[in-house]
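In listed order, ligands and their atoms are each counted from 1.
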Amino acid sequence: MPHKGFTLWLTGLSGAGKSTLAHRLAREFRERGYRTELLDGDEVRTHLSAGLGFSRQDRDTNVRRIGFVAKLLARNGVIAITAAISPYRDTRNEVRREHRDFVEVFVDAPVAALAERDVKGLYRRALAGQIPNFTGVSDPYEAPANPEVTVHTDRETVDESLDAILTYLEDKGFIDAEAPVGAGGL
Ligand code: ADP
């Protein structure tokens, strides 16, 4: 099914749900017959951005590289999903300007909720002062000023957040609307 490529850029704190939502979105797109690729932050750091650290400069380089690959994919008809913290607003906007079709999704949850969730055990250590440059605790996170979509993962289920993103994409014509179940029978 032909469709235009675009970049779906997930940004948010560690543990907010970027990776979870990105994998669910990729699966959903594939099931709908779209071509998609996922650039996951952790994975990118072991390949494309191996050797980069967590200074502002290295974080920006990481985000620019992800943005560059996403742009190449998107302009070739692929839905490029990115899931990296990407903490700096200016750098995200720089990547946005390189794109024709760019959808920024703010995967939002307060640090307190993430510390409670603490998927990787990192917040406990960061809050104890053991991790320098930990985004949201000992390093900045600049929330998007005008994201296309915001999901609040501290008070939504994964399915609800997923639906909010898919609904936006359908409403704006990035993907086709799914026929409601049973609609064919009426
Ligand atoms: P990140 O990629 O942002 O570091 P992960 O996706 O690895 O975060 O972890 C997010 C965790 O939060 C997972 O355990 C996931 O099941 C949970 N979670 C709870 N509610 C949501 C939601 N609405 N959206 C995404 N993840 C959620």
Closest protein heavy atom (residue, atom, distance) for [atom]:
| atom | answer |
| --- | --- |
| atom 5 (P) of ligand 1 | T20 OG1, 3.6 Å |
| atom 3 (O) of ligand 1 | K18 NZ, 2.7 Å |
| atom 26 (N) of ligand 1 | G17 CA, 3.6 Å |
| atom 10 (C) of ligand 1 | G15 O, 3.3 Å |
| atom 24 (N) of ligand 1 | T153 CG2, 3.5 Å |
| atom 14 (O) of ligand 1 | V119 CG1, 4.1 Å |

Requested in this report: State, without any angle test, whether T7 and R96 hold a side-chain donor-acceptor pair at a distance under 3.5 Å.
Outcome: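 Side chains of T7 and R96: no pair found under 3.5 Å.
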
Requested in this report: Using only heavy-atom distances, determine whether the side chains of T150 and D108 contain a donor-acceptor pair under 3.5 Å.
Outcome: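 On atom types as modelled, these side chains do not qualify, holding no pair under 3.5 Å.
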
Ligand 1 atoms in contact with [X] (distance to a heavy atom under 4.0 Å):
| X | value |
| --- | --- |
| S161 | 22 (C), 23 (N), 24 (N) |
| S19 | 1 (P), 2 (O), 6 (O), 7 (O) |
| E156 | 20 (N), 22 (C), 23 (N) |
| S14 | 4 (O) |

Query - Lys/Arg N to Asp/Glu carboxylate O, D159 vs R24, below 4.0 Å - result: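 Looking at D159 and R24, the cut-off is met.
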
Query raised in the report: Salt-bridged, E28 to R32, with N to O below 4.0 Å?
Result: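 Judged by the 4.0 Å cut-off on N to carboxylate O distance, E28 and R32 do form a salt bridge.
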
With heavy atoms only and a cut-off of under 4.0 Å, state how [X] meets ligand 1: side chain, backbone, both or neither.
| X | value |
| --- | --- |
| L21 | side chain |
| L13 | backbone |
| R117 | side chain |

Query raised in the report: Given V158, T11, D42, L162, which has its nearest heavy atom closest to atom 16 (O) of ligand 1?
Result: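 The residue whose heavy atom sits nearest atom 16 (O) of ligand 1 is V158.
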
Query raised in the report: Would you find a donor on one side and an acceptor on the other, under 3.5 Å apart, between the side chain of K71 and the backbone of I66?
Result: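 Checked: no pair found.
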
Query raised in the report: Is it true that the NZ or CZ of R45 lies under 6.0 Å from the centre of F54's six-membered ring and within 45 degrees of the ring axis?
Result: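 Checked: cation-pi criterion met.
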
Query raised in the report: Relative to Y88, does R56 satisfy both conditions: NZ or CZ under 6.0 angstrom from the six-membered ring centre, and within 45 degrees of the ring's axis?
Result: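 Verdict for Y88: a cation-pi partner in R56.
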
Query raised in the report: Hey, is ligand 1 close enough to A16 that some N/O pair sits below 3.5 Å?
Result: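 Yes.
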
Query raised in the report: Listed by chain and number, what are the side chain to side chain contact (heavy atoms under 4.5 Å, CB included) partners of Y168, not counting sequence neighbours?
Result: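 Listed in chain order: V103, E148, V149, K172, F174.
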
**Report entry** Plane angle bin for Y141 and F106 - parallel if under 30°, tilted between 30 and 60°, otherwise perpendicular
**Finding:**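 Aromatic pair F106/Y141 classed parallel.
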
Query raised in the report: Does at least one non-hydrogen atom of K120 fall below 4.0 angstrom from an atom of ligand 1?
Result: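 Yes; K120 lies near enough to ligand 1 that a heavy-atom distance drops under 4.0 Å.
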
Query - Distance in Å, L73 CG paired with I79 CD1, rounded so as to fall on 0.5 Å steps - result: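 Answer rounded to 0.5 Å: 11.5 Å.
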
